[in-house]
J.: 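Got a structure here, written out as structure tokens. Questions coming.
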Amino acid sequence: MKCVTSNSSDVTEQEQIASLQEENQRLKNQLGQVQARKQKKKRVGFWLLKKSSVPLLGTRLKKSINSALSEYKQTKKVSVDTVSDVTSNIIWRVTRVGLFGVLITLIPSLILIYQTKLVINQNTLVDNQNALIEAERRSSLVFIMDNLLSDISEELKYKGSSERNLSPVLEARISSLSRAMKPYKYMEDGKLIDEKISPERGQLLYGLMRSGLAEQSYRDILNASDFSYTYFRDVLVGRNANLKYATLHHSDLYGVNMAAANLERSDLQKANMEKINLSDSKLIRANLTQANLKDSELLSADLTYANLYEADLTGANLTEALLWGTRLEGAILEDAVFANARVHRQDWIAYVVDSLDLKGAEKALEGYRVKKEGKKQFVLVAKK
């Protein structure tokens with residue numbers, strides 16, 4: 001019985017030893033696999049480092065670093081030339097990488113600028129389209145104006161020259177139409193004009209001026225109407241046009257010929273009146289602030305107490321014009337003509353040249369002197 005027990009115990013120990021050996025071998029295999037994976041990762045990392053070193057460092061920098069390391073291994077020191085080579089390559093590489101970085105940074109900015117340009121162009125097209133729609137709507141008022149002018153003609157048909165006043169209803173219709181004809185931008189020569197203007201108001205104004213109305217009707221209509229921003233270029237109106245109290249600020253009156261017109265107390269501030277003919281016209285107390293009067297004809301024009309603040313009178317002909325109390329602060333008088341112009345003070349030239357210090361005044365007035373002509377009447381005459 002003792003012998004059997006001993007054999008059984010030996011078998012059990014042998015099985016345990018075999019099991020432990022198998023477990024040990026299995027652990028060795030697992031450890032080998034882990035080490036193999038680590039070696040593989042190292043090889044992959046080394047390969048990636050090797051492949052990326054050239055793009056990151058550049059061939060020249062990589063070679064200089066390898067040379068420095070090899071020299072250090074052999075001599076335990078690095079020469080000055082080797083250090084200089086490595087340093088110069090580092091600076092060159094950093095500069096190059098920085099340049100590429102700047103270029104890469106600029107790409108989104110350039111794309112944004114291009115997109116902004118497209119948006120601006122699109123907005124411009126939308127504005128042009130809206131302006132064209134507005135122009136079409138405004139031009140439809142021309143048909144209403146035609147009917148209105150026909151009514152004026154019909155009403156005046158049987159009236160004499162001294163009775164050419166319109167009915168209050170018709171005057172109100174004219175005033176309302178002038179206010180409905182608001183300024184707008186329209187296409188000219190293939191592009192949108194810069195400033196808003198109303199050609200329809202110009203047509204209505206011309207129709208009224210040619211109707212030969214009595215003074216009372218003109219006054220009633222112009223007092224209630226709005227003819228600002230009126231397009232009225234190169235129009236031959238003729239003499240004795242009645243525009244007293246007219247609201248014509250910001251209007252384009254370039255080259256208009258209306259001598260002996262009555263523009264008393266009219267509002268012409270910032271109006272373009274270049275090359276206009278207003279000879280013998282009444283401009284008493286007219287507001288001509290910042291008006292463009294370049295090369296205008298103002299012979300014998302009555303500018304008593306007119307406001308010419310910052311008006312441009314370059315090349316204007318003011319021969320025999322009445323400048324009594326005329327406000328000229330900030331006006332431009334380059335090449336303006338003042339022969340026999342009448343003023344309200346004996347020191348007028350000194351006042352304009354020295355006190356007001358107007359641009360071009362000294363040259364424009366250097367050939368004139370002030371001559372007294374009656375009580376408080378002075379005239380600018382040429383020096384002998």
Side-chain angles (χ1 to χ4, degrees), residues 234 237-241 243-244 253-384:
D234 298 312
V237 178
R239 298 180 66 86
N240 302 314
L243 290 171
K244 189 176 180 180
L253 305 173
Y254 178 96
V256 173
N257 190 338
M258 52 178 180
N262 185 355
L263 287 158
E264 184 178 348
R265 296 180 181 270
S266 58
D267 184 0
L268 291 158
Q269 60 177 320
K270 294 186 178 181
N272 179 20
M273 303 171 70
E274 186 175 353
K275 295 186 178 181
I276 194 171
N277 182 8
L278 288 173
S279 299
D280 301 312
S281 296
K282 289 183 180 180
L283 291 156
I284 302 170
R285 296 188 182 276
N287 184 1
L288 292 156
T289 302
Q290 297 181 343
N292 178 11
L293 286 159
K294 290 181 180 179
D295 300 317
S296 58
E297 293 291 335
L298 296 168
L299 286 79
S300 301
D302 188 351
L303 290 158
T304 301
Y305 294 113
N307 188 352
L308 286 164
Y309 176 77
E310 292 187 351
D312 191 347
L313 291 161
T314 301
N317 190 348
L318 291 153
T319 300
E320 297 184 357
L322 184 56
L323 301 174
W324 184 276
T326 304
R327 184 181 180 186
L328 291 167
E329 289 89 339
I332 301 173
L333 303 181
E334 293 279 0
D335 300 320
V337 179
F338 291 92
N340 299 316
R342 286 169 170 75
V343 296
H344 61 289
R345 53 194 296 176
Q346 193 163 5
D347 64 341
W348 188 84
I349 293 178
Y351 171 72
V352 170
V353 175
D354 299 328
S355 299
L356 298 183
D357 192 22
L358 302 184
K359 184 177 180 180
E362 184 175 1
K363 183 178 178 181
L365 295 168
E366 63 181 357
Y368 299 100
R369 63 182 179 86
V370 179
K371 178 184 176 182
K372 189 172 183 179
E373 193 179 74
K375 188 178 181 180
K376 294 185 179 181
Q377 291 289 336
F378 306 94
V379 62
L380 303 180
V381 297
K383 292 180 180 178
K384 295 182 179 180

J.: Is any NZ, NE, NH1 or NH2 atom of the basic residue among D295 and K275 found under 4.0 Å from an Asp or Glu carboxylate oxygen of the other?
T.: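 Salt bridge: no.
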J.: To the nearest 0.5 Å, how far apart are CG in L298 and CG in L318?
T.: 5.0 Å
J.: Is there side-chain contact between F378 and I349, with at least one heavy-atom pair below 4.5 Å?
T.: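 Answer no - side chains too far apart.
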J.: Would you give the length of the straight line joining atom OG1 of T289 to atom CG of D267, rounded to the nearest 0.5 angstrom?
T.: 8.0 Å
J.: Mind running salt bridge (charged side-chain N to carboxylate O under 4.0 Å, His left out) on E264 and K244 for me, showing each step along the way?
T.: CA-CA 5 Å; E264 184 178 348; K244 189 176 180 180; 3.7 Å; yes
J.: Calculate, to the nearest 0.5 Å, the distance between atoms CD and NZ belonging to E310 and K359 respectively.
T.: 12.5 Å
J.: So, do Y254 and N292 sit near enough that their side-chain heavy atoms are less than 4.5 Å apart?
T.: no
J.: Say you draw a straight line from CG of N287 to CZ of R265; how long is it, rounded to the nearest 0.5 Å?
T.: 12.0 Å
J.: Kindly give the heavy-atom pair with the smallest separation between F338 and A364, and that separation in Å.
T.: CE1-CB, 4.3 Å
J.: For L333, run the side chain to side chain contact (heavy atoms under 4.5 Å, CB included) check against T314, L356, L313 and tell me which one passes.
T.: L313
J.: What closest approach, in Å, do S281 and A259 show between heavy atoms, and which atom pair accounts for it?
T.: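 That would be OG-C, 3.9 Å.
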J.: Does any non-hydrogen side-chain atom of K282 lie less than 4.5 Å from one of T304?
T.: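 Of all side-chain heavy-atom pairs linking K282 with T304, none is under 4.5 Å.
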J.: Yes or no on side-chain contact (heavy atoms from CB on, under 4.5 Å) for Y351 and L328, after CA distance, side-chain angles and deciding distance?
T.: CA-CA 10 Å; Y351 171 72; L328 291 167; over 6 Å; no
J.: Using side-chain heavy atoms (C-beta onward) and a distance below 4.5 Å, is L303 in contact with L288?
T.: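 Yes - at least one pair of side-chain heavy atoms lies under 4.5 Å apart.
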J.: Evaluate the side-chain proximity of M258 to L278: yes if any heavy-atom separation is below 4.5 Å, no if none is.
T.: yes
J.: More than 12 foreign heavy atoms under 6.0 Å from CD of E362: is that the case here?
T.: no
J.: Got a salt bridge between E329 and R327, using NZ or NE/NH1/NH2 to carboxylate O under 4.0 Å?
T.: yes
J.: For L263 and S266, work out which heavy atoms get closest and say how close.
T.: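 Closest heavy-atom pair between L263 and S266: O-OG, 2.6 Å.
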J.: Return the CD to CE distance between E297 and M273, rounded to the nearest 0.5 Å.
T.: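 Reported value, rounded in 0.5 Å steps: 12.5 Å.
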J.: Report yes or no: does S300 contribute a side-chain atom to a donor-acceptor pair with the main-chain N or O of D280 at less than 3.5 Å?
T.: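 Side chain of S300 to backbone of D280: no pair is present.
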J.: Atom NZ of residue position K383 - does it have more than 12 heavy atoms of other residues, nucleotides or ligands inside 6.0 Å?
T.: yes
J.: Looking at side-chain heavy atoms only, is the closest gap between Q269 and Y309 below 4.5 Å?
T.: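 A side-chain contact is absent here, since even the closest heavy-atom pair is not under 4.5 Å.
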J.: Would you name the heavy atoms of G330 and L358 that are closest together and state the gap between them?
T.: N-CD2, 3.4 Å
J.: May I ask you to test the N340-V381 pair for a side-chain heavy-atom distance under 4.5 Å?
T.: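 Yes, side chains in contact.
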J.: Given side chains that start at C-beta, do those of L380 and V370 come closer than 4.5 Å, heavy atoms only?
T.: yes
J.: Looking at CD of E274 and CG of D312, how far apart are the two atoms once the value is rounded to the nearest 0.5 Å?
T.: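 Result: 8.5 Å between the selected atoms.
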J.: Restricting to non-hydrogen atoms, name the atom on G325 and the atom on H344 that form the minimum distance, rounded to 0.1 Å.
T.: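 Scanning both residues completely, I find the closest heavy atoms to be N-ND1, 3.1 Å.
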